[in-house]
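Here's the structure we're looking at; comments come further down.
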Amino acid sequence: MRLDLCTWPEVEAYLQGSNGVIVPTGSTEQHGPIGLIGTDSLCAQDIAEGAGALCGAMVAPVIGYTPAPFNMAFPGTLSVSAETFGQVVGEVIDGLVQHGFRHVYILNAHGANLEPLQAATGSKPAAVRIRSWWDFTPVNALRRDYYGDWEGMHATPSEVAITQYRHRVVEAQDLDPPEKLSARYVRDHAGDRHGAPDAHRARFPDGRVGSHSGLATPQQGRALFDAATKAVAEDYAAFLETPASGS
Ligand code: NI
């Protein structure tokens with residue numbers, strides 16, 4: 001159930017039976033030549049909604065303006081500082097708490113959000129759980145089966161496949177594989193630790209970082225979406241059983 005499609009009496013009624021809510025976090029940034037600018041936000045929002053439908057959870061609007069400074073040399077990317085993002089997240093949680101929510105489940109879809117999310121949610125008077133949609137074993141098994149190492153680090157075929165299934169297919173037109181990343185590069189740049197915008201674009205001219213987006217299909221996207229929604233719904237249900245104060 002989407003918070004933004006509810007009336008206030010419906011939210012009040014929901015709170016009589018549950019104090020849980022899912023907050024999706026994404027990004028607004030380039031995702032290579034066939035990936036949509038909103039890929040992360042769309043994945044987070046759609047998987048949250050799908051999970052919410054399975055387990056009866058309320059789903060807040062996606063927080064889609066997040067840190068992506070390294071992608072600012074690609075048109076369409078919109079980045080805010082980690083501080084601003086963390087402040088927005090913190091104040092959104094404060095508002096949810098004010099209304100009676102005590103279990104806040106953050107469903108993330110953008111690596112650079114993780115550190116500011118941890119920092120912003122550490123001391124809230126509600127239980128907070130942070131998960132990225134790719135954290136779950138069944139989802140990872142599919143990613144490995146479908147794409148192996150070509151999943152890469154950015155504009156991944158798995159996230160592109162989910163948006164193809166849910167929104168739109170941009171024709172690949174014989175998209176070549178991107179440059180293969182070294183194990184060292186992957187290790188040094190985990191959590192989206194990429195460099196200055198111009199240097200990042202010069203290094204990865206079409207925006208993909210080791211990810212062969214051209215392998216994505218809507219059918220795979222459907223399987224990934226189904227696995228992720230099921231895993232998130234189960235994890236959310238378990239989260240509701242944890243104590244409401246502290247994390
Ligand atoms: Ni992404």
Side-chain angles (χ1 to χ4, degrees), residues 23-50 62-80 82 85 89 106-117 130-136 139-140 142-144 146-147 149-170 172 175 178-179 181 185-186 189-195 197 200-201 203-218 220-221 224-225 227-229 231-232:
V23 179
T25 57
S27 75
T28 304
E29 63 170 342
Q30 71 84 11
H31 271 77
I34 65 162
L36 310 179
I37 297 287
T39 295
D40 293 347
S41 292
L42 295 167
C43 287
Q45 169 116 50
D46 289 355
I47 293 168
E49 273 186 57
V62 66
I63 300 176
Y65 293 119
T66 64
F70 38 87
N71 275 322
M72 280 303 290
F74 294 92
T77 301
L78 297 170
S79 176
V80 303
F85 170 60
V89 168
I106 297 182
L107 183 66
N108 178 55
H110 179 56
N113 292 347
L114 286 168
E115 275 189 22
L117 281 172
I130 302 166
R131 293 289 183 273
S132 298
W133 64 261
W134 55 79
D135 283 342
F136 301 96
V139 179
N140 268 316
L142 287 176
R143 294 166 84 204
R144 224 175 10 253
Y146 289 151
Y147 314 119
D149 286 348
W150 283 127
E151 178 72 345
M153 297 187 79
H154 185 67
T156 65
S158 62
E159 62 186 346
V160 170
I162 290 170
T163 61
Q164 287 180 337
Y165 164 53
R166 297 283 296 181
H167 296 278
R168 177 174 168 228
V169 177
V170 178
L175 196 59
E179 174 199 332
L181 300 177
Y185 186 92
V186 173
H189 295 76
D192 281 352
R193 264 185 279 275
H194 301 298
H200 186 61
R201 181 165 174 171
R203 175 82 166 76
F204 300 103
D206 78 4
R208 295 176 297 168
V209 182
S211 296
H212 193 355
S213 324
L215 300 176
T217 71
Q220 293 161 351
L224 287 158
F225 175 83
T229 53
V232 170

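Order of appearance sets the numbers: ligands from 1, and atoms from 1 within every ligand. Note that these values count all heavy atoms, side chains included, but never hydrogens, waters or copies made by symmetry. The structure displayed is predicted, hence computed values, not measured ones.
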Task: Name of the D40 atom (N/O/S only) found closest to the Ni ion (ligand 1) - done: OD1

Task: Minimum-distance atom from the Ni ion (ligand 1) among N, O or S atoms of E159 - done: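 It is OE1 of E159.
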
TODO: Say whether H31 and D40, considering side chains only, have a donor N or O and an acceptor N or O under 3.5 Å apart.
DONE: yes

Open item on the list: At a threshold of 2.8 Å, where the distance has to be below it, does the Ni ion (ligand 1) have an N, O or S atom of H31 nearby?
Closed with: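 Under 2.8 Å: H31 contacts the Ni ion (ligand 1) through an N, O or S atom.
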
Task: N/O/S atom of E29 inside 2.8 Å of the Ni ion (ligand 1), strictly under - done: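 Under 2.8 Å: E29 has no N, O or S contact with the Ni ion (ligand 1).
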
Open item on the list: Students often mix this up, so state it plainly: with edges at 30° and 60°, are the rings of H189 and H194 parallel, tilted or perpendicular?
Closed with: parallel

TODO: First locate atom CD of E179, then atom CZ of R203, and finally report the distance between them rounded to the nearest 0.5 Å.
DONE: 4.5 Å

- [ ] State, to 0.1 Å, how close L142 and A227 come at their nearest heavy-atom pair, and which atoms those are.
- [x]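 Closest approach of L142 to A227: CD1-CB, 3.8 Å.
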
